[in-house]
*Asks:* 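Can you keep this structure in mind? I'll have questions shortly.
Because only heavy atoms are used, hydrogens play no part in the values below, and waters and symmetry mates are left out as well, while side chains stay in.
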Amino acid sequence: MLGYPLAFEVVDENVVILPIRYRLEKTWTAIRPFVESERVLRGDPYSYLNTLEEFAKSAAKKDVEGMTLMVQRRLSRIG
């Protein structure tokens, strides 16, 4: 469900992706074959968990170190 606010640019992707990127990657890797099979059964490649797939792909491309440093800089300004 976190992919939806990102898709509509409601939240900063750093706030969402940074804390869950690892688990998102592992989850998508585990369920991908089942999702792809379900899409074949439905006869539509865009019918099942597409937002999750795009969210996982986008998160995998992110520079985690850079994101972490940016969040740290923001937090240091607050505190």
Side-chain angles (χ1 to χ4, degrees):
M1 298 308 294
L2 292 172
Y4 289 108
L6 283 176
F8 292 104
E9 299 178 352
V10 174
V11 296
D12 182 338
E13 67 181 3
N14 298 304
V15 173
V16 175
I17 291 175
L18 192 57
I20 67 164
R21 184 179 173 274
Y22 175 82
R23 182 54 41 211
L24 175 62
E25 178 184 338
K26 297 300 181 189
T27 298
W28 177 248
T29 299
I31 69 170
R32 183 178 180 172
F34 303 103
V35 170
E36 290 174 347
S37 294
E38 180 65 23
R39 290 174 180 168
V40 169
L41 289 173
R42 292 177 181 211
D44 184 355
Y46 303 106
S47 65
Y48 191 61
L49 295 178
N50 299 87
T51 304
L52 177 62
E53 179 179 16
E54 292 306 315
F55 184 28
K57 286 179 182 178
S58 175
K61 295 176 187 175
K62 300 300 177 189
D63 171 19
V64 174
E65 184 177 350
M67 291 170 72
T68 301
L69 292 172
M70 186 199 57
V71 169
Q72 288 173 340
R73 282 192 301 272
R74 286 183 184 178
L75 290 173
S76 69
R77 284 185 263 161
I78 295 171

*Asks:* For the pair S47 (side chain) and D44 (backbone), establish whether a donor and an acceptor sit closer than 3.5 Å, ignoring hydrogens and angles.
*Replies:*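 Here the side-chain-to-backbone pair exists.
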*Asks:* Give a yes or no on whether a salt bridge exists between E13 and R21, defined as a side-chain N under 4.0 angstrom from a carboxylate O.
*Replies:*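 Salt bridge: no.
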*Asks:* Would a 4.5 Å heavy-atom cut-off, applied to side chains only, mark L24 and L52 as touching?
*Replies:*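 Contact flag for L24/L52 side chains = yes.
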*Asks:* Do Y46 and F8 belong to the same hydrophobic cluster, where Ile, Leu, Val, Met, Phe, Trp and Tyr are linked whenever their side-chain heavy atoms lie under 4.5 Å apart, directly or via other members?
*Replies:*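 No: no chain of side-chain contacts under 4.5 Å links Y46 to F8.
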*Asks:* How close do D12 and R74 get, heavy atom to heavy atom, and via which atoms?
*Replies:*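 Closest approach of D12 to R74, heavy atoms only: OD2-NH1, 2.7 Å.
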*Asks:* Please tabulate, one pair per line, all N/O donor-acceptor pairs under 3.5 Å involving side-chain atoms of residues 25-36, not counting sequence neighbours.
*Replies:*
from: T27; atom 1: OG1; to: R23; atom 2: O; distance (Å): 2.8
from: T29; atom 1: OG1; to: E25; atom 2: O; distance (Å): 2.9
from: R32; atom 1: NE; to: E36; atom 2: OE2; distance (Å): 2.7
from: R32; atom 1: NH2; to: E36; atom 2: OE2; distance (Å): 3.4

*Asks:* Return yes if some donor-acceptor pair links the side-chain N/O of N50 with the main-chain N/O of P45 below 3.5 Å, else return no.
*Replies:*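 Side chain of N50 to backbone of P45: a pair is present.
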*Asks:* Is there a path of hydrophobic side-chain contacts, each under 4.5 Å between heavy atoms of I, L, V, M, F, W or Y residues, that connects I20 with V10?
*Replies:*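 Same cluster.
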*Asks:* Looking at residues at least two apart in the chain, or sitting in another chain, which of them share a side-chain contact (heavy atoms from CB on, under 4.5 Å) with E38?
*Replies:*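 Scan of E38 (side-chain contact (heavy atoms from CB on, under 4.5 Å), adjacent residues dropped) gives L41, R42, Y48.
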*Asks:* Return the set of residues passing side-chain contact (heavy atoms from CB on, under 4.5 Å) with P19 (not counting sequence neighbours), or none when no residue passes.
*Replies:*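 Here no residue qualifies.
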*Asks:* Report yes if the side chains of I17 and F55 come closer than 4.5 Å at any heavy-atom pair, otherwise no.
*Replies:*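 Side-chain contact under 4.5 Å: yes.
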*Asks:* Rounded to the nearest 0.5 Å, how far does CZ of R73 lie from CG of L69?
*Replies:*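 Answer rounded to 0.5 Å: 6.0 Å.
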*Asks:* With a 4.5 Å heavy-atom cut-off, do V15 and V71 have their side chains touching?
*Replies:*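 Contact flag for V15/V71 side chains = no.
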*Asks:* Would you say that V64 contacts Y22 through its side chain, given a criterion of any heavy-atom pair below 4.5 Å between the two side chains?
*Replies:*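 In short, these two side chains do not touch, never coming nearer than 4.5 Å.
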